[in-house]
Every structure is written in structure tokens, then in C-alpha cells.
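Take a look at the structure below.
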Amino acid sequence: MIIDPEQIAAVITEIAESQIMARFGELAPDEVREKSSKTDLVTVVDEATEKELAKALRGIYPAAEVIGEEGVAASPGADRALDGDGAFWIVDPLDGTRNFVRGKREFGTIVALAVNGETRMGWIYGAPDGLSVVAEKGSGVSINNEKLASPTPAAENSQKPVGMKSAYWLKDEWRNRIPQNLDDKFAVKAGHCSAY
């Protein structure tokens, strides 16, 4: 099956705009609940977005199973299918739900396509900024349809890559170790959303 990465990016954008951004700042208290802890939230927006993405992605690639964060939370173990062969859409419909609930503009949608245990393509849509990132194995990365150039070795050595980290959820044994390793190799700031 040949997948057009830009078609998928457009689908993700459309659904994120209609499901997520349309409800940003508009949630009622009863539309938010805890999943596994007080900091692990799920909303009606997470669930509606995952449902719409699953429907659209199945329509594009019917042979691929959809493994969504909210589906796995509702049916623990559903993600075990990823251990086998086949094609899978992996979906986090609203990464940064806590930010979304609090009105912080740092949340997004993450989708990946894995085939026989190998990630082939990935998409991140930062809805608040309209930022669409597409990565395809062997083809590189584009941001809002603009291909990123590979860094030169001199550029790689002169400046640390920039990113965000969130360690609050890590087990105690890793909480100091992993962030320290990140600080050694990257210019990082605290963040609570993998999409960003």
C-alpha cells in the first residue's frame, strides 16, 4: 500500500481543527476525567478525535489496524497487537491533554504508521500553531510542506539540538538520570507535551 504522507497530514489537520481547536477553552467540568492519576486526564475531545482519526485512517488504509491511546486505556493489552506482523496506525489524538484542559497552548496530535514492527511514517500536528510535521523513513522530514535540510557536520557540533522534556511521570530511579543525559546532549526546557 502506498500512502501519501501529505494526504494523511491534511486529514490530521482537518480533524484536529474540527475536533480539538473547536473545543479549546470550551470544555465543561463533566467532560474531563482522570485516567490513571490526577495528572493523566482524558476528555470527550480525546475520545471524539481518536474516533474520527480511526475512521479516516481506516478509510485510507483498511488493512491497517488502529491502535489509539484511548482505545488502549479502555481495553488494556490492545496494544499487544503491535508485537506481531501487519500494518498499524498508532494514534495519540490529543497529546498534552492536561495543557488543553488548563488552556495552555501546547498540545497536538501524533500519528505513526508502523509495518511489521518498523515505523515507516510519522505525523505531528501542533494544532495551536498550525504546525504540521511529517517524517518518512528514507525521505526525511518536512514542516508545513517545507523539506528540512540535513545538518552539516559542523552545524551538528556547534549547537545542541533544542527540545523539551517532561520527567514528572518517570519512576524515581529514572527521574534524575534521564533528564541529566538529555541536558548533556540537548538544549532542553521543561514541557508537558511530546508533540511539542
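In this text the structure is predicted, and so the values were computed from the model without any measurement.
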For the student: nearest non-hydrogen atoms of [X] and [Y], plus distance:
X: Ala16; Y: Tyr125; answer: CB-CD2, 3.5 Å
X: Leu53; Y: Pro93; answer: CD1-CA, 4.2 Å
X: Val111; Y: Leu57; answer: CG1-CD1, 4.1 Å
X: Pro5; Y: Glu136; answer: CG-OE1, 3.5 Å
X: Cys193; Y: Asn99; answer: CB-ND2, 3.9 Å
X: Ala9; Y: Ser132; answer: CB-OG, 3.8 Å

Checking the side chain of [X] only, and the main-chain atoms of [Y] only, is there a donor and an acceptor separated by less than 3.5 Å?
X: Glu50; Y: Glu70; result: yes
X: Glu34; Y: Thr39; result: no
X: Asp95; Y: Ala195; result: yes
X: Asn116; Y: Gly86; result: yes
X: Arg105; Y: Pro128; result: yes

Would you kindly say whether [X] and [Y] are connected by a side-chain donor-acceptor distance under 3.5 Å?
X: Ser37; Y: Asp40; result: no
X: Asp129; Y: Tyr196; result: yes
X: Asp46; Y: Thr97; result: yes

May I ask whether [X] and [Y] are part of the same hydrophobic cluster, defined by side-chain heavy atoms of I, L, V, M, F, W, Y residues being less than 4.5 angstrom apart, directly or through others?
X: Val91; Y: Ile20; value: no
X: Val66; Y: Tyr61; value: yes
X: Val133; Y: Phe107; value: no

Crowding at [atom1], [X] (>12 non-hydrogen neighbours, <6.0 Å):
X: Lys51; atom1: NZ; value: no
X: Lys55; atom1: NZ; value: no
X: Glu146; atom1: CD; value: no
X: Glu17; atom1: CD; value: yes

Residues Thr109, Ile124; criterion side chain to side chain contact (heavy atoms under 4.5 Å, CB included); working and verdict: CA-CA 6 Å; Thr109 299; Ile124 300 174; over 6 Å; no
Given the rule in the side chain to side chain contact (heavy atoms under 4.5 Å, CB included) test, do Val72 and Ile67 qualify, once you have shown the distances and angles that lead to the verdict? CA-CA 7 Å; Val72 172; Ile67 307 288; 3.7 Å; yes
Between Met121 and Val134, is a side chain to side chain contact (heavy atoms under 4.5 Å, CB included) present by the stated rule, with each step listed? CA-CA 7 Å; Met121 296 179 187; Val134 178; over 6 Å; no
Tell me, do [X] and [Y] make a side-chain contact under 4.5 Å, heavy atoms counted?
X: Gln19; Y: Glu14; answer: no
X: Val42; Y: Glu69; answer: no
X: Leu82; Y: Ile90; answer: yes

Side-chain ion pair, [X] and [Y], N-O less than 4.0 Å:
X: Glu65; Y: Arg58; result: no
X: Glu47; Y: Arg33; result: yes
X: Arg98; Y: Glu106; result: no

Given the rule in the side chain to side chain contact (heavy atoms under 4.5 Å, CB included) test, do Ile110 and Ser194 qualify, once you have shown the distances and angles that lead to the verdict? CA-CA 9 Å; Ile110 303 172; Ser194 296; 4.2 Å; yes
First locate atom CG of Leu148, then atom CD1 of Ile143, and finally report the distance between them rounded to the nearest 0.5 Å. 4.5 Å
When the ring planes of Phe100 and Phe24 are compared, do they come out parallel, tilted or perpendicular, using 30° and 60° as the limits?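 Tilted.
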